[in-house]
Amino acid sequence: MREAASQAESWPKVILTGAQMLFVAFGALVLVPLLTGLDPSVALFTAGVGTLVFHGVTKQSVPVFLASSFAFIAPIQGSVASFGVSATMGGLMAAGLVYVAISQVVRLKGTAWLHRLLPAVVVGPVIMVIGLALAPVAVSMATGETSDNIGYGAAIFLSMTSLLVTLVLAVFGRGLLRLVPIMGGIITGYFLALLMGVVDFTPVHEAAWLSIPGFTAPSFHWAAILFMIPVAIAPAVEHIGDMVAIGSVTRKNYLEKPGLHRTLLGDGLATSVAALFGGPPNTTYSEVTGAVTLTRAFNPKYMIVAAIIAIVLAFVSKLGALLQTIPGPVMGGIMTLLFGSIAVVGMNTLVRAGQSLTAPRNLVVVSLILVFGIGGMQFGGGQFTLQGVSLAALVGIALNWLLPREQEGE
């Protein structure tokens, strides 16, 4: 019934909801290239192409959008400084092929071992970390800390108004309005920001109407490849958590269908294709998972539309620049809701498992995942630092593997 309903959806609704998904991802999507010195227009293009590649491999079955991965920021910065942009792209192509190799191991060995490796007591808190570890980013945007020309008072007014409109539409909206609460919040916040005179149109005036993104071809150097390959392991673990998170929202097991081997293959190929054009590695976006949770927009067609719009925006510089004028507090207010909703998905995973969280073994596993992931714990140093979601996932897997199982009746 749901599939029949999704096929009957009107194209205006599909296009509007797809555009909303891109708006949600846009801030983080362009932030990675800005931090690493890459071209934001190329990142838009490769996010769109990478998402299309992913959906081609997975047969349009998972409602996810792929864009710039934060896990690679420090490695890209270090590699560009040491080897240059072109050699860094060669290393990132190799990192994408690591995903491909892992996907083939999963294809040959199946996923039964994954359920032992990643039970609810590990996956639940890891999903919570995915949302809560990003909470300070949302709050700093909402309070104006990331904006040079918006003070605290104006930032709080913009962020809380945008948040209020979003949650009112999500809870009380009917029909089309219920599908676009995020876009409603963004438009309201942007309109208020215009009235307050805090929107900077300089990027729009300086941008050309049409331009070709600054593509960079990869070159291959062993030093850059060996530098980048180990970085791919942790985001691959994070990918599994993202697949479980979106599966918890849609009540489908994507590790079985289309299969983890297909989603990993799609993610790996998307990363390699991105590097082919000079873009940052792609990963499934937690912001979009939060938006799917809020809007119940489970149709993968929305993500296809978002990908096509991203590709178009990469060449229409004025439109891309206009999106960059959305004030940080407007997006920050909405992000507080989206990141929190991801954490709720993780809590729901734990609740549905029905296990006692105060049992010593479960208490240890859940506690350390949460504190290590949210508290900023890190192992290693320099460019090979393990922290955040990746560290939390690996710690949870190790503890679950090493700690003895409790006997029945204990």
Side-chain angles (χ1 to χ4, degrees), residues 25 27-51 53-54 66-103 133-134 137 213-239 242 264-286 310 314 376-391 393-394:
L29 193 165
V30 299
L31 180 60
V32 174
L34 289 174
L35 291 176
T36 55
L38 303 179
D39 189 326
S41 293
V42 174
L44 263 172
F45 178 82
T46 55
V49 172
T51 299
V53 168
F54 178 89
L66 278 70
S68 313
S69 171
F70 277 63
F72 283 89
I73 289 176
I76 290 174
Q77 289 172 331
S79 181
V80 168
S82 301
F83 311 112
V85 174
S86 181
T88 297
M89 291 302 122
L92 291 173
M93 277 196 76
L97 295 178
V98 171
Y99 282 68
V100 174
I102 295 172
S103 76
L134 294 167
V137 176
F215 297 124
T216 302
S219 59
F220 301 96
H221 301 277
W222 279 112
I225 290 172
L226 293 175
F227 178 85
M228 200 62 72
I229 279 179
V231 183
I233 303 299
V237 174
E238 189 174 337
H239 169 90
D242 286 336
L264 273 170
L265 176 63
D267 204 337
L269 291 177
T271 290
S272 293
V273 168
L276 188 63
F277 290 95
N282 283 318
T283 189
T284 46
Y285 255 32
S286 300
M377 178 66 75
Q378 63 180 48
F379 292 156
Q383 307 304 327
F384 294 98
T385 302
L386 195 59
Q387 59 186 352
V389 178
S390 302
L391 174 61
L394 293 176

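Sequential numbering from 1 along the given sequence is applied to the chain's residues. Not measured: the values here are computed from a predicted model.
- For S41, the side chain to side chain contact (heavy atoms under 4.5 Å, CB included) test picks out D39, P213, with sequence neighbours left out.
- For F54, the ring pair (Phe, Tyr, Trp, His ring centres under 6.0 Å) test picks out no residue, with sequence neighbours left out.
- Y285 and S68 make their closest contact through OH-O, 2.6 Å (heavy atoms, listed as atom of the first residue, atom of the second, distance).
- Pairing each heavy atom of L92 with each of G279, the nearest pair is CD1-O, 4.4 Å.
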Assess whether side chain to side chain contact (heavy atoms under 4.5 Å, CB included) is satisfied between V98 and M228, documenting all intermediate values.
CA-CA 10 Å; V98 171; M228 200 62 72; over 6 Å; no
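- Scanning for side chain to side chain contact (heavy atoms under 4.5 Å, CB included) contacts around T271 gives D267, P281, N282, with sequence neighbours left out.
- Annotation for A270 and G50: closest pair CB-O, 3.5 Å, computed over non-hydrogen atoms.
- For L269, the side chain to side chain contact (heavy atoms under 4.5 Å, CB included) partners are V53, V57, V100, L265, not counting sequence neighbours.
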Would you list the atom pairs, donor with acceptor, under 3.5 Å between side chains in residues 216-223 and any protein atom, with sequence neighbours excluded?
from: S219; atom 1: OG; to: S86; atom 2: OG; distance (Å): 2.9
from: S219; atom 1: OG; to: A87; atom 2: N; distance (Å): 3.3

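- Rounding to the nearest 0.5 angstrom, the gap separating the CG atom in L276 from the CE atom in M93 is 5.0 Å.
- With Y99 contributing its side chain and G266 its backbone, the two residues share no donor-acceptor pair below 3.5 Å.
- Remark: T283 pairs with no residue by the side chain to side chain donor-acceptor pair (under 3.5 Å) rule, at least two apart or across chains.
- In this structure, A314 and L44 approach most closely via the heavy-atom pair CB-CB, 4.1 Å.
- Distance check: L66 CG to H239 NE2 gives 8.0 Å after rounding to the nearest 0.5 Å.
- In this structure, the side chain of T46 engages the main chain of A43 through a donor-acceptor pair within 3.5 Å.
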